[in-house]
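All values below were derived from every heavy atom in this structure, side-chain atoms included, with hydrogens, water molecules and symmetry-related copies excluded. The residues of the chain are indexed from 1 along the displayed sequence.
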Amino acid sequence: MASGHRPRPKRSRRGGPLPYIGLAVLAVAAVALTGLALTATRPSDAGGSPYASASSTPPAVTVSILGDSHALAAGSWWRQTVEAGAVDGASQGAFEAYEGATAADLVEHLDAATADGGLVVVQAGTFDLAAGRTAGETATDVAALWQGVLDRGATPVAALLPPSGDRGTDTVDVNTRLSEGAADRGIDVLDLTTPVEGGEGDWKSGLTDDGILANPTAAARMAQAADDQLSALVEG
């Protein structure tokens, strides 16, 4: 006998998960569109990052020496500056400095002095005068070293002769010729003489012990001048 209860109709499952799938598809599409919008507004890297130049550091300029006892001496201007890493933007290259060297003596060291390229400070002439060369001959011999540096693809820097206790007049004459010759060739001059010169090519009082080389006080003054001038050269 029937109980009077009708069986409930089965509920369709077609309306269940489909709405959620549709929402997921819409969400994915929204994320994709957002990504496209951000890409469109982001600065292009084709021209380089606008922050790259501000954070990058230019490579150091190699600075070498081709010289005599003025650079070789312990505590010299060179040892206090380039060798000590005290010159901003500069790194030491070749160290070709020899005791009592004349310009003629330094010719055989040109290849080594220019091997690293960059700037090559040429400091010679003191011992040419001591060997009896005239001011004109000395200046000519030093200028030949500049040309040798240029011929080997490096850039010479013309260092003036330091003062002299017994050849002051000739030293002034050589330095005048070197300054004029460097200007004619477009070569930069390194003047470490003015801060320690007392007049007539001699040292200021108390700045040399032998009349030839700088004592520690003079070397410190020359080092300060070298630091300032070389920093400007490597930045330029």
Side-chain angles (χ1 to χ4, degrees), residues 60-101 103 106 119-130 135 138-139 142 145-146 156-183 187-236:
V61 175
T62 300
V63 183
S64 301
I65 180 73
L66 179 65
D68 53 29
S69 302
H70 294 297
L72 177 66
S76 71
W77 67 268
W78 174 268
R79 298 190 185 279
Q80 293 186 53
T81 56
V82 180
E83 184 176 88
V87 180
D88 290 339
S91 64
Q92 178 170 265
F95 183 74
E96 296 294 321
Y98 299 91
E99 183 175 0
L106 294 174
L119 303 179
V120 178
V121 178
V122 178
Q123 186 175 53
T126 292
F127 298 97
D128 297 69
L129 293 176
T138 297
V142 173
L145 292 177
W146 302 343
V157 176
L160 300 183
L161 276 63
S164 172
D166 59 355
R167 294 180 177 81
T169 301
D170 286 336
T171 297
V172 171
D173 192 353
V174 171
N175 283 341
T176 298
R177 293 169 185 266
L178 293 181
S179 297
E180 293 174 350
I187 295 172
D188 290 311
V189 171
L190 183 64
D191 179 9
L192 311 182
T193 306
T194 299
V196 294
E197 186 178 32
E200 308 243 344
D202 198 358
W203 294 90
K204 285 182 180 178
S205 178
L207 296 186
T208 183
D209 298 328
D210 60 6
I212 300 173
L213 299 178
N215 64 19
T217 301
R221 296 185 187 183
M222 295 169 78
Q224 182 60 60
D227 192 356
D228 294 341
Q229 293 175 49
L230 288 175
S231 293
L233 289 181
V234 298
E235 289 175 3

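- Residues P162 and T126 approach most closely at CD-OG1, 4.0 Å, considering heavy atoms.
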| How far apart are the C-alpha atoms of Q229 and D191, what are their side-chain angles, what is the distance that settles it, and do they pass the side-chain contact (heavy atoms from CB on, under 4.5 Å) test? | CA-CA 8 Å; Q229 293 175 49; D191 179 9; 4.1 Å; yes

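- Residues S64 and A94 share a closest heavy-atom pair of OG-N, 2.8 Å.
- Looking at L106 and V122, their side chains never come closer than 4.5 Å, going by heavy atoms from C-beta outward.
- The minimum heavy-atom distance between A135 and D173, with the atom names listed, is CB-OD2, 3.4 Å.
- Judged by distance alone, with hydrogens and angles left aside, the side-chain atoms of T171 form a donor-acceptor pair with the main-chain N or O of R167 at under 3.5 Å.
- Considering only heavy atoms from C-beta on, V61 comes within 4.5 Å of L119 through its side chain.
- Once rounded to the nearest 0.5 Å, the distance linking CH2 of W78 with CG of L72 reads 12.5 Å.
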Name each donor-acceptor pair under 3.5 Å that joins a side chain in residues 195-209 to protein atoms two or more places apart or in another chain, with its distance.
| unit_1 | atom_1 | unit_2 | atom_2 | d |
| --- | --- | --- | --- | --- |
| E197 | OE2 | G201 | N | 3.2 |
| W203 | NE1 | P163 | O | 3.1 |
| W203 | NE1 | G211 | O | 3.3 |
| T208 | OG1 | D210 | N | 3.4 |
| T208 | OG1 | D210 | OD1 | 3.3 |
| T208 | OG1 | G211 | N | 3.0 |
| T208 | OG1 | L213 | O | 2.7 |

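- Atom CG of residue L178 and atom CG of residue L190 lie 12.0 Å apart, to the nearest 0.5 angstrom.
- Contact detail for Q80 and G75: the closest heavy-atom pair is NE2-O, 2.8 Å.
- The ring-ring contact (aromatic ring centres under 6.0 Å, His included) search around F127 returns none, not counting sequence neighbours.
- Shortest non-hydrogen contact noted between Q123 and L192 is NE2-CD1, 4.4 Å.
- Contacts classified as salt bridge (charged side-chain N to carboxylate O under 4.0 Å, His left out) and involving residues 63-91 (residues at least two apart or in different chains) are given here: R79-E83.
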| task | Starting from the C-alpha separation in whole Å, work towards a yes-or-no answer on side-chain contact (heavy atoms from CB on, under 4.5 Å) for V120 and W146. | result | CA-CA 9 Å; V120 178; W146 302 343; over 6 Å; no

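- Across all their heavy atoms, A219 and A214 have their closest contact at N-CB, 3.8 Å.
- Proximity of a side-chain donor or acceptor of E99 to a complementary backbone N or O of S69 within less than 3.5 Å is not detected.
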| request: Evaluate the criterion side-chain contact (heavy atoms from CB on, under 4.5 Å) for residue pair N175 and T193; output intermediate values, then yes/no. | output: CA-CA 9 Å; N175 283 341; T193 306; 4.1 Å; yes

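- The closest side-chain donor-acceptor pair between S231 and D227 falls under 3.5 angstrom.
- Side chains of I65 and V82 form no contact here, defined as non-hydrogen atoms less than 4.5 Å apart.
- Taking the side chain as every heavy atom from C-beta outward, V87 and V63 never approach each other to under 4.5 Å.
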